[in-house]
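Since the structure is predicted, the reported quantities are computational estimates derived from the model, not experimental observations. Chain identifiers are assigned alphabetically (A, B, ...) following the order of the sequence lines, protein sequences preceding nucleic acid strands; residue numbering begins at 1 within each chain.
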Amino acid sequence: MAVITFMTTKGGAGKTTGALILGTVLAEQGASVCLIDADPNQPLANWAKEANMPKALKVIGEVTEENIIETIEEQAAQNSFVIVDLEGSANLSTGYAMSESDLILIPLQPHKFDADEATKTLKLLLRQRKTTNRKLPARVFWSRMPAAYTTKSAKHIGTQFEEAQIPFLETKLFEREAFKGIGNFGETLENLSKEQVPSLDRAKANAAEFVSEVIALLKGFRK
Amino acid sequence: MTKGRLNLDLDDFKPEPKNIELSNKDIVKSLSEEAGFKTKHSVSKSSKLEDKGVEPETKRRGRKRSTNRNTPFAVKLKIETNNRIYELADELDCNAIAEVIEMAIAALDKNLREKKPK
């Protein structure tokens, strides 16, 4: 069992998309997955109402700072993967979810605003690690990146994070219509059609690479 | 295809009880709040009160903002004094009779101060 949490205080950074990709792909591999929606806007819970979801996937909404720890605990006993999606703000649920995570994933877009918000989350992470004496493994990952090129802003921000020795996932999640299509059409990447979204195969390859890296990391932490 | 491309061995990830130390919750809460990660999901006032076994406050339409006038003050007046207070309230466009009394007291205080020999 592994708890994976997507967090950053910046809204629109790619937390929900990342959680959806990871959750749906793992469930399609046959693993039992619970997506916990702790965003008051309830994007995942609303998606689940209409979506054609894999059988192994369930979504739990209305999770707040009052019940997030208990919900993670409850779902960990029933699922192979518990994936938590949080609101893009500095909220207490983030602190609680962080403390229970086997892997923390922080999406980052190549904008200074995103970098500043990711830094806030990383500061809280360092404080929690120090005080609770827990490892709390974390990775920043490039999210919603233009597929064709790496911008100068991305290089600049990436260098700053590298200098601070903050580890990145090797895989970048690109800005793809197919990723939006999961939400827009209520289908997994597997069930979307080429008529619905362009570059579907590339999106699937990108998602597969992302999920594989996350699984390899989690396995590595266990050794 | 995702299914075709991926061949993940996920056997290591079976459901298992998570050993959560609830004693850490308070520490995490204070750490988070110090870092600016605050309460966002407030529980409605009524459910909080119910949790504590307190009767929820009845909400009424058209209630006014608090004026801090919360001390009852019942007196018997001559009818002409009573009516004069209401006339003044109309003349001075006061929302409450208490306002007339407050203004009257302020005027009386001022009057007394001015009369005091220096």
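Note: A:Ser89 leads A:Gly30, A:Ala31, A:Ala216, A:Ser89 in heavy-atom pairs under 4.5 Å with chain B. The residue among A:Ala203, A:Gly95, A:Ala77 with the most heavy atom pairs within less than 4.5 Å of chain B is A:Ala77. Between chain B and the residues A:Thr131, A:Thr132, A:Thr121, A:Val211, the most heavy-atom pairs under 4.5 angstrom are made by A:Thr131.
Side-chain atoms of A:Asn79 do not come within 3.5 Å of backbone N or O of A:Val82 as any donor-acceptor pair.
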Test log, rule side chain to side chain donor-acceptor pair (under 3.5 Å), inputs A:Lys58 and A:Gln75: CA-CA 10 Å; A:Lys58 74 170 163 185; A:Gln75 295 306 319; 2.9 Å; yes

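Both the backbone and the side chain of B:Lys29 come within less than 4.5 Å of a heavy atom in chain A. For a residue to count as touching a neighbouring chain, one of its non-hydrogen atoms must lie under 4.5 Å from one of that chain's; by this rule A:Val3 touches chain B with the side chain only. When heavy atoms are compared at a cutoff of 4.5 Å, A:Thr9 approaches chain B solely by way of its side chain, counted from C-beta outward. The part of A:Asp102 that comes within reach of chain B is its side chain, from C-beta onward, which places non-hydrogen atoms under 4.5 angstrom from that chain. Contacts between A:Gln78 and chain B at a heavy-atom distance below 4.5 Å involve the backbone alone (N, CA, C, O). Contact of A:Ser212 with chain B is made through backbone and side chain together, with heavy-atom distances under 4.5 Å. Both the backbone and the side chain of B:Asp9 come within less than 4.5 Å of a heavy atom in chain A.
Taking the charged nitrogens against the carboxylate oxygens, A:Asp116 and A:Lys112 do have a contact shorter than 4.0 Å, which makes a salt bridge.
Under a cut-off of 6.0 angstrom, the local environment of CD in A:Glu170 is sparse, with at most 12 non-hydrogen atoms contributed by other residues, nucleotides or ligands.
Aromatic ring pairs are classed by plane angle as parallel below 30°, tilted from 30° to 60° and perpendicular above 60°; the pair B:Phe13 and A:Phe81 is tilted.
Outside the 6.0 Å centre-distance limit, the rings of A:Phe179 and A:Phe174 are not counted as a close aromatic pair.
None of A:Lys15, A:Arg144, A:Lys10 except one satisfies the salt bridge (charged side-chain N to carboxylate O under 4.0 Å, His left out) rule with A:Asp114; the exception is A:Lys10.
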